[in-house]
Amino acid sequence: MGIPRRAQHGCEPLGPCANPDCSKFLIDHSRPNSARWCSMAECGNRMKARRHYARQTG
């Protein structure tokens with residue numbers, strides 16, 4: 001009862017984190033299956049900050 005039906009059947013996409021410095025995998029719980037990072041708090045924030053810094057510095 002406590003486990004979602006999708007998790008019981010294992011049909012959630014599994015993929016690597018988009019951060020090249022990270023070796024973790026992610027289970028994509030997003031509706032369009034478009035998750036990129038294992039954790040927005042860690043890898044997602046770092047990658048977005050790097051991209052922003054690169055745009056600002058030219």
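Owing to the predicted nature of the structure, the values given are computational and were not obtained by experimental measurement.
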Nearest atoms (heavy-atom pairs only) where [X] meets [Y]:
X	Y	result
L26	C17	CD2-CA, 4.0 Å
W37	G44	CD2-CA, 3.4 Å
A18	M47	O-CE, 4.3 Å

- [ ] For R36, enumerate each residue passing the salt bridge (Lys or Arg N to Asp or Glu O under 4.0 Å) test, keeping only those at least two apart in sequence or located in another chain.
- [x] none
Open item on the list: Taking side chain to side chain contact (heavy atoms under 4.5 Å, CB included) as the criterion, tell me which of C22, P16, S23 meets it with N19.
Closed with: C22
Open item on the list: Quick test of your reading: applying salt bridge (charged side-chain N to carboxylate O under 4.0 Å, His left out), list the pairs with at least one residue in residues 40-53, sequence neighbours left out, ordered by first then second residue.
Closed with: D21-R50, K24-E42
Open item on the list: Rounded at 0.5 Å granularity, tell me how far CG in D28 sits from CG in L14.
Closed with: 10.0 Å
